[in-house]
Participant: 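There's a structure below that I have some questions on.
In what follows, chains carry the letters A, B, and so on, assigned in the order in which the sequence lines appear, proteins first and then strands, with residues in each chain numbered from 1. Nothing here was measured: the structure is a model prediction, and the numbers come from that model. Computed over heavy atoms, backbone and side chain alike; hydrogens, waters and symmetry mates excluded.
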Number of protein chains: 2
Amino acid sequence: MQILYMYSRQVIQRSFKMATPIRKSVELFYDVVSPYSWLAFEVMCRYQQKWNIDLKLRPFFLSGIMQGAGFHQPGPSKASYMGKDLKRQTDMYKVPFKMPRNPAEVILIKGSLNAGRFLTAVDMNCDQYLEELTRQLFLRVYYRDEDITEPASLMSAAAKAGIPEDLAKQLLSTIKDQAVKDRLRETTQAALDHGAFGSPTIVAHVDGKPQMFFGSDRMELMAHMLGEKWYGPLPELAKAKM
Amino acid sequence: MQILYMYSRQVIQRSFKMATPIRKSVELFYDVVSPYSWLAFEVMCRYQQKWNIDLKLRPFFLSGIMQGAGFHQPGPSKASYMGKDLKRQTDMYKVPFKMPRNPAEVILIKGSLNAGRFLTAVDMNCDQYLEELTRQLFLRVYYRDEDITEPASLMSAAAKAGIPEDLAKQLLSTIKDQAVKDRLRETTQAALDHGAFGSPTIVAHVDGKPQMFFGSDRMELMAHMLGEKWYGPLPELAKAKM
């Protein structure tokens, strides 16, 4: 009787294991000044429930990556193509992207250091707000052409992301703390260690091995390697049609 | 009776028109030294029957594009990533790619001028062989690590592409003719005029307007813009599953 009981427990445990395969983890390294990162961010958020993955949002500092990996400004034909490509892709992906009036000022002059530190402070203290704060910062830069460097800008994004005002103020007061600076630096270094040379950098852990993907355009390939299915950039619509 | 006859003829014509929408034309500009061009070439060949398109293969000269558009060697992280990316993608696309032992020699020193001229001569005289000759040249460089600059190499590729020996010899004798050189230059210029900065460059004519796409990774987007469906890189397998 005892043996039978133990046996059936083993069977139950075994079938439980079979029914719930180990979730794979996917790290999305991104900087909110990178428009292709927005595409990857929205797609990964859409798929985090659909695929058997744990999505880990990893805000990093793109300038640190560019310094570490070497960077060339695109020539005029490539720059012009990228503008068109972003418009077409964000249309198809239903991401409300608008190019800011002065992209060079947004990306190269104003940059994203404070935004990256604020995201890092949120990640360290209350990561349940990280996804929505990320989205609100993308919306500021690449939809409404608004600042993301000033404290008031970060507070406004935090409010839209549902972070209580007192908490947001407290988080904002920590963004120049050594712990926050160190954490942003460590995250950036972790991406560089995976071979990053731009944003987004996606690291999927497949069978215990990290697989790095650059850009927003390797989703179908990543799905294939994760053993998951790609339903296009609008998976919920695809489901509705089936 | 006459009126009724005319009317039904109109109806028939109209429904015939509705049943056979105007085919859209898609130009694939490529150079056989570009491995991502091979991916795009195979995918476009797989889709030319499935989609309502006329595929026009347009062999061009990548060095002419690079000179025209400015070119930077990728940094070490990006170069290493591209090697992995090609391996993963060609595996998934079922294209038998192998990186040659010395890619810099293949691409930058030996180059593809003779191969481009031979493809051009075939395109001008007997374009029914163009697809298979293109494939045979890709297989030489990016599968068997063989030369594509010598006359004997081009003759061997031609034989595998089913071009009769006499015809292949005659075509080979024309590759330094002014007409062939001019045609390759014109094709390269046409791509530059569409904003090309690398290979492959794909120009889809949608509602009479040319839409340029760079690379092998905008197929799903191009399908969307053409009003066609993307079934992944192996459309025949996708069909078999449905």
Participant: Does Lys98(B) have more than 12 heavy atoms from other residues, nucleotides or ligands lying within 6.0 Å of its NZ?
Facilitator: no
Participant: Is it true that atom NZ of Lys110(B) has more than 12 heavy atoms of other residues, nucleotides or ligands lying nearer than 6.0 Å?
Facilitator: yes
Participant: About how many Å separate CZ of Phe213(A) and CZ of Arg88(B), when rounded to the nearest 0.5 Å?
Facilitator: 4.0 Å
Participant: When rounded to the nearest 0.5 angstrom, what distance separates OH in Tyr93(B) from CG in Leu221(A)?
Facilitator: 8.0 Å
Participant: Counting heavy-atom pairs under 4.5 Å with chain A, which one of Glu220(B), Lys84(B), Met225(B), His224(B) comes out on top?
Facilitator: Glu220(B)
Participant: Can you give me the closest heavy-atom contact between Met212(B) and Tyr81(A), atom names plus distance?
Facilitator: O-CE1, 3.4 Å
Participant: Is it the case that over 12 heavy atoms from other parts of the model lie below 6.0 angstrom from the CD atom of Glu105(B)?
Facilitator: yes
Participant: Got a second to check how far Ser77(B)'s OG is from Phe214(A)'s CZ, nearest 0.5 Å?
Facilitator: 11.5 Å
